[in-house]
Student: 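What follows is a structure written as structure tokens; I'll ask about it next.
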Amino acid sequence: MAGGLERVYGTEEDKVNCSFYIKIGACRYENKCQRIHSIPPISQTILFKHMYQNSPMEVAIASGNAVSQAGIEEALEKFENFYEDVFLKLAEFGEIEDLIVCENIGDHLVGNVYVKYTSELFAESCFNALQNLSYENRPLQMEYSPVLDFSSAKCKQYIDGTCQRGGACNYLHLKKIATKFKKSLFNQMYEEHPEYREKKEKEVSEKSPKKNKKKEKKSKKKKSSSRESSRRNSIERQKMINDWNETGIQNVSQAQKMMYGNNMPAPVYTPKVSMKTSPELLQLQLQLAALKEQLAAIKMS
């Protein structure tokens, strides 16, 4: 009996506990849900509800609408300022394993921020220290979260670029953050709190002492690099912008494929006009689009 309960716990077969809340730490039905939302008494993960305030530009991006490059860069700058500010503050209470921010625009997920610490003690220290405090003049809404594995909470279709629900999806769509920028924040955390790194290195050395000796030799050759003022790799940032620009076309193509199957009509190309698009370039784009449609029609006939 007990084994059967363990097997169904947190799954769609569980008629008592809300599987969405267990996986994601939030449910669209919230307090009206017919299943139980069991907030853990303590956890490595803390959820800050609706902490991040999206600009209209960010809502447009999350909805898959076409946005100018200048608008995307402005949205990235705003988000990176927030991420840096919050990350370094939360790192004061303990070693962070991950910090994620939701891009979803559903009422139960919009602006949600999750921080996962490497231990429950660090999370408890943070939770106690930030009680009754505010961020940007808005009271913090905090609770321990059951989510310990973000991989099961993330939307797989969003990662593949095929999610049709956009910002309204009930699985996590994470705001993109450049790897180099995020890594620089972790480096700064370890520079400002060397005790975190020492603890981690001790744990690693206990598990594999031989490998640790090799790493020590390599680390002596490298100088400790301080965090640069440059916060992201320009190539990676441009890729993020390109990914956002392609989201709208991918969503339309996927929807057409599901609707028409093998009889899908020739794709219609609509150029995205940004603030930097000249009339001459737009004319060339339209001519190219017409040629592509003609070629597609020839292939189908």
Student: State, yes or no, whether a side-chain contact exists between Y83 and K182 at a heavy-atom distance under 4.5 Å.
Tutor: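 Yes, side chains in contact.
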Student: Within the structure provided, determine whether Q164 and Q157 are in side-chain contact (heavy-atom separation under 4.5 Å).
Tutor: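 Counting from C-beta outward, Q164 and Q157 never come under 4.5 Å.
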Student: Would you compute the distance between atom CG of L140 and atom NE2 of H50 and round it to the nearest 0.5 angstrom?
Tutor: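 Those atoms lie 12.5 Å apart.
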Student: Does NZ belonging to K156 count more than 12 external heavy atoms closer than 6.0 Å?
Tutor: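 Result for NZ/K156: enclosed.
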Student: List the atom of G25, the atom of V147, and the distance in Å for their closest heavy-atom pair.
Tutor: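 Nearest heavy atoms, G25 then V147: N-CG2, 3.4 Å.
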Student: Identify each donor-acceptor pair in which a side-chain atom of residues 124-131 lies under 3.5 Å from a protein atom, sequence neighbours left out, and give them as a table.
Tutor:
unit_1, atom_1, unit_2, atom_2, d
N128, ND2, E124, O, 3.2
Q131, NE2, F127, O, 3.2

Student: For the CD atom on Q34, are there more than 12 heavy atoms of other groups (residues, nucleotides or ligands in this structure) within a distance under 6.0 Å?
Tutor: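 12 or below, so no.
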Student: Looking only at atom types and distance, does a side-chain atom of S43 sit under 3.5 Å from a main-chain N or O of T45, one as donor and one as acceptor?
Tutor: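 Indeed, once roles are kept as given, a pair shorter than 3.5 Å links the two residues.
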Student: Between M189 and F186, is the side-chain contact (heavy atoms from CB on, under 4.5 Å) condition met? List the steps.
Tutor: CA-CA 5 Å; M189 175 181 72; F186 274 94; 3.7 Å; yes
Student: For the residue pair Y144 and I46, establish whether any side-chain heavy-atom pair is separated by less than 4.5 Å.
Tutor: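 Counting from C-beta outward, Y144 and I46 do come under 4.5 Å.
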Student: If you measure from CD1 on I100 to NZ on K175, what distance do you get to the nearest 0.5 Å?
Tutor: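 Going from the CD1 atom of I100 to the NZ atom of K175 covers 12.5 Å.
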Student: Within the distance-only criterion (no hydrogens, no angle test), does the side chain of N104 pair as donor or acceptor with the backbone N or O of N170 below 3.5 angstrom?
Tutor: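 Not at all, since once roles are kept as given, no pair shorter than 3.5 Å links the two residues.
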Student: Testing the basics here: between K23 and A153, what is the closest heavy-atom pair and its distance to 0.1 Å?
Tutor: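 Reported closest heavy-atom pair: O-CB, 3.3 Å.
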Student: Examine distances only and state if a side-chain atom of R138 and a backbone atom of Q53 form a donor-acceptor pair shorter than 3.5 Å.
Tutor: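 Here the side-chain-to-backbone pair does not exist.
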Student: Do the non-hydrogen side-chain atoms of D107 and R28 ever get within less than 4.5 Å of each other?
Tutor: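 A side-chain contact is absent here, since even the closest heavy-atom pair is not under 4.5 Å.
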Student: Let me confirm one number: the OG-CD distance from S184 to E84, rounded to the nearest 0.5 Å.
Tutor: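 Rounded to the nearest 0.5 Å, the OG-CD separation comes out at 7.5 Å.
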Student: Less than 4.5 Å apart, side chain to side chain, heavy atoms only: is that true for L109 and H173?
Tutor: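 Not in contact.
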Student: In terms of hydrophobic clustering (I, L, V, M, F, W, Y; side-chain heavy atoms under 4.5 Å; direct or indirect links), are L88 and F79 co-clustered?
Tutor: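 Result: yes, single cluster for both.
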Student: With S145 as reference, evaluate L47, I39, V115 under the side-chain contact (heavy atoms from CB on, under 4.5 Å) test and give the passing residue.
Tutor: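 So, applying the side-chain contact (heavy atoms from CB on, under 4.5 Å) to S145 and each of L47, I39, V115, only L47 qualifies.
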Student: Starting from I105 and following side-chain heavy-atom contacts under 4.5 Å between hydrophobic residues (I, L, V, M, F, W, Y), which residues can be reached?
Tutor: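 Direct or chained contacts put I105 with V59.
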Student: Answer yes when K116 and D149 have at least one side-chain N-carboxylate O distance shorter than 4.0 Å, and no when they do not.
Tutor: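 No salt bridge links K116 with D149.
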Student: Does F93 share a hydrophobic cluster with L185, counting links as ILVMFWY side-chain heavy atoms below 4.5 Å and allowing steps through other members?
Tutor: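 Linked within one cluster.
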Student: Is D85 atom CG crowded by more than 12 heavy atoms from other residues, nucleotides or ligands, each under 6.0 Å away?
Tutor: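 More than 12 within 6.0 Å, yes.
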Student: Measuring only between side-chain heavy atoms, which start at C-beta, is K49 closer than 4.5 Å to N112?
Tutor: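 With C-beta onward as the side chain, the pair touches.
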Student: Same cluster or not: V110 versus F150, using hydrophobic residues (I, L, V, M, F, W, Y) connected whenever any side-chain heavy atoms lie under 4.5 Å apart?
Tutor: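 V110 does not cluster with F150.
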Student: What distance do L76 atom CG and Q69 atom CD have between them, rounded to the nearest 0.5 Å?
Tutor: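 These two atoms lie 10.5 Å from each other.
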Student: As a test of understanding, state which of F48, Y52, F82 forms a ring pair (Phe, Tyr, Trp, His ring centres under 6.0 Å) with Y135.
Tutor: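 The ring pair (Phe, Tyr, Trp, His ring centres under 6.0 Å) with Y135 is passed solely by F82 among F48, Y52, F82.
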Student: For a quick test of reading the model, state the closest non-hydrogen atom pair linking E58 to A75 and the distance between them.
Tutor: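 Looking at all heavy atoms of both residues, the shortest contact is CG-CB, 3.7 Å.
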Student: Could you check whether F87 and F181 have their ring centres less than 6.0 Å apart?
Tutor: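 No; F87 has its ring centre 6.0 Å or more from that of F181.
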Student: When rounded to the nearest 0.5 angstrom, what distance separates NE2 in H108 from OH in Y21?
Tutor: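 So the NE2 of H108 and the OH of Y21 are separated by 12.5 Å.
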Student: Does the side-chain contact (heavy atoms from CB on, under 4.5 Å) test come out yes or no for D98 and Y114, once each step is laid out?
Tutor: CA-CA 8 Å; D98 203 0; Y114 296 78; over 6 Å; no
Student: Can you tell me how far apart CE (M51) and CD (E136) are? Round to the nearest 0.5 Å.
Tutor: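 Going from the CE atom of M51 to the CD atom of E136 covers 8.0 Å.
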Student: Quick check: closest heavy atoms across I22 and N17, and the distance to 0.1 Å?
Tutor: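 Closest approach of I22 to N17, heavy atoms only: CD1-CB, 3.8 Å.
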Student: Look only at the side chain of Y190 and the backbone of E95, and say whether a donor-acceptor pair between them is shorter than 3.5 Å.
Tutor: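 No; zero donor-acceptor contacts below 3.5 Å.
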Student: Does any part of the side chain of Y117, heavy atoms only, come nearer than 4.5 Å to the side chain of L90, both counted from C-beta?
Tutor: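 They are in contact (side-chain heavy atoms under 4.5 Å apart), so the answer is yes.
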Student: Flag the pair M57 / K78 as yes when at least one side-chain heavy-atom distance between them is below 4.5 Å, and no otherwise.
Tutor: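 No. Closest side-chain heavy atoms not under 4.5 Å.
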